[in-house]
Amino acid sequence: MENREVARILRETAQLLEIDGAIIGRYRSYEKVAELLFSIHERIEDVAKDPKKLKELPGIGDNMAAHICEILETGDYALRAKLLKKYPLTLLDLLNLQSMGPKKVALLYKKFKVCTVEGLEQMARDGKLRDLEGFGEKSEENILKATAVAKRASGRFKLDVAENEANKLIAYIGQKSDIVDFITAAGSLRRGKETIGDVDLVVTLKPKRSKQADIDEVAEHILKYPGIDQTLAHGENKVSIVLGNGLQVDVRLLEKDCLGAALLYFTGSKEHNVVLRGRARDMGWTLNEYALTTLKSGRFVAGKTEHDIYAKLQLDYIEPELRENTGEIEAAENHTLPALLKLEDIRGDLQMHTTASDGRNSIEEMGEAARELGYEYIALTDHSKAVTVANGMDDKRTLQQLAKIRDAQTRVPGIRLFAGIEVDVLKNGQMDLADETLGQLDVVVASIHSFMQMDRNEMTERILAAIENPYVQIIAHPTGRLLLRREAFEYEMEKILDAAKKHGVAMECNAYPDRLDLKDIHLRMCKERGVKVVISTDAHSSTHFKMMKYGVITARRGWLEKKDVINTLGTAEFLAALRPRPGAVSAPTAPPTKAAKKKSA
DNA sequence: GCCGTTTTCGGCCCGACTGTTTTCAGTCG
């Protein structure tokens, strides 16, 4: 059973308990364990084999351990089943609606047996809710708005989409440059999460322009933003809006002096903040979004910058991407935080497509665009024949493409053009092209584009076979997921990574924002095992090279450092870091640029 | 339901905003 399955059952139990009126701590304990299951990379099924190990996990005691074992054994949990006799499962859909929480859901169910979004919508439309205690006409309006939003938006957005919307709004708010001092994204966008639920913007005002009238002026400006679909909240220092595509944006308007505390608070994650606050409390302080202050007298301790606050808490500065309460606080305490990879460390891109298969640009165009970015090398990796829809190449065309790349190299100096392939891993684990063909190429990237629904064991065997093929050097988008569209393949990641380590195969972090594959926690597993990682864009056009930043941010979330990623190496070192293949001839070197020629002369 | 050595019982983040109230409960992040 997958962690997310166990987590789902625990989370539903927590929600049902909350609706049932359980005390806060009880349902929080279920929620916490559900959250834990998403943050650990061991399979809970494996951990649970040793009851002692299971109970070592934070938040799991005797009872919870027994519940987890019950779920793993029976596929369900008795308390959840019992609660479901009292409340239908569809009731939980209502919790996802804006303005609806457990108390209101419970009341509505008790009074009217409302348990579906459609049912609730009808009640609101008929004006049947306004006489209920705690409800009014406005509540009905809000419910109708919320059901409309729920119908329109799936609720989450890809990182690039959220970033683009945020940047547009930041530029717009920046028009108030006489009042506004600084604007930045916080929340999961700043942490670089793969999908974003809503965007948090922190806006600070100039010291002489932070009166309420100034804040109001900026808020009014924001409410006139052309992209707004509806306004959810408008208070003294907060504006919440929903954009046309359903993306919610919360903007906080604050004084400059509390920027550090505000950024820390609104960047999260919630779990990271909870631990920081507990730590502050242990030290006799209290931490909120305005400052770190003394518990007794409320005297200011720190708050101008995040660095100040971490320092006072006796922690090294923690980069936003690490703030998930998955060990970063302990590492900050022990001065063992990683020196995270940076975008400028990347010196080449190892997966891209040209007009030979399904790309939009020629070899030369890709080479020139990559050189513009300052890269030292790229690998041109068109599809192999199994991907017919992408005009994949057979052996003959692959070798023709190799010759074309060698030829293009003479016209594109100053960057090394590796002749590569993205060869398909067939259903049985064999390669889509002959070994003799693969052996002539500089870089062999293997990936799966078919039979994605295989069962766990079969898929594990299939990928193991690919890794054991002596010509395969990189496994591309190893889990095949498409964010918000398609689930990852199921297989035993531990086994795959152990094999990759053994055979010197690098795992790709595909930087394309629809993929981000491997994802953060898998990359961290690579680091722990010493598995080599490459970050590639999978560019299908020269404009796609800019997606590299999403791969880097994902790698940072996986705690990766420059030394963990082999396309941070120079050309010769990179080639040496790739898996050596039997009988492979080394690629010819690139002709120097004119500038370099002059220099050596 | 979990956790802890100043607590084995009593907390469990905490402040803003809204809408319904007429001082506060519920929701949200």
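These numbers were taken from a predicted model, which means no experiment stands behind them.
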Using the C1' atom as the reference point in each nucleotide, state the distance between B/dC17 and B/dT23 in Å, no decimals.
16 Å

Nearest-angstrom distance, C1' atom, B/dC3 to B/dT8:
10 Å

My understanding is that only residues two or more places apart in sequence, or in another chain, count here; which of them pass ring-ring contact (aromatic ring centres under 6.0 Å, His included) with A/Y317?
A/H307, A/Y310

So what does A/L287 touch, heavy atoms closer than 4.0 Å: a base, only the sugar-phosphate, or nothing?
nothing

What's the closest nucleotide to the A/I24 side chain, out of B/dG29, B/dG15, B/dC12?
B/dC12

Does the ring of A/Y109 carry A/K113 above it, NZ/CZ under 6.0 angstrom from centre and within 45° of its axis?
yes

Assign A/N142 to base, sugar-phosphate, or nothing according to its heavy-atom contacts below 4.0 angstrom with the strands shown.
sugar-phosphate

Select base, sugar-phosphate, or nothing to describe what A/Y290 touches, counting heavy atoms under 4.0 Å on all strands.
sugar-phosphate

If you measure only the distance, is there a donor-acceptor pair under 3.5 Å linking the side chains of A/T305 and A/D308?
yes

For A/R557, the option from A/E194, A/E321, A/E328, A/E324 that meets salt bridge (Lys or Arg N to Asp or Glu O under 4.0 Å)
A/E324

Using a heavy-atom cut-off of under 4.0 Å over every strand shown, decide if A/E137 touches base, sugar-phosphate, or nothing.
sugar-phosphate

Mind checking the P distance from B/dC12 to B/dT5? Whole angstroms is fine.
15 Å

Using a cut-off of 4.0 Å on non-hydrogen atoms, how would the nucleic acid contact of A/R26 be classed: base, sugar-phosphate, or nothing?
base

Gap between atom CD of A/Q15 and atom CG of A/L89 - 0.5 Å precision
9.5 Å

May I ask you to say what A/Q248 touches in the nucleic acid, namely base, sugar-phosphate or nothing, with a heavy-atom cut-off under 4.0 Å?
sugar-phosphate

Regarding the side chain of A/D200, the nearest nucleotide among B/dG29, B/dC12, B/dA16 is B/dG29

Near-strand residues of residues 299-311 of chain A, defined as heavy-atom separation under 4.0 angstrom from DNA chain B:
none

Taking A/L144's backbone N and O only, do any of them form a donor-acceptor pair with A/R125's side chain (distance below 3.5 Å, no angle check)?
no

Could you tell me how far B/dA16 sits from B/dT21 if I compare only their P atoms? Round to whole Å.
24 Å

Presence of donor-acceptor pair under 3.5 Å, side chain of A/Y265 and base of B/dG29
yes

When the C1' atoms of B/dT6 and B/dG11 are compared, how many Å lie between them, rounded to an integer?
15 Å

Atom pair CG/CD1 of A/L341 and A/I553 - distance to nearest 0.5 Å:
11.0 Å

Integer angstrom distance from the P of B/dT27 to that of B/dT20
13 Å

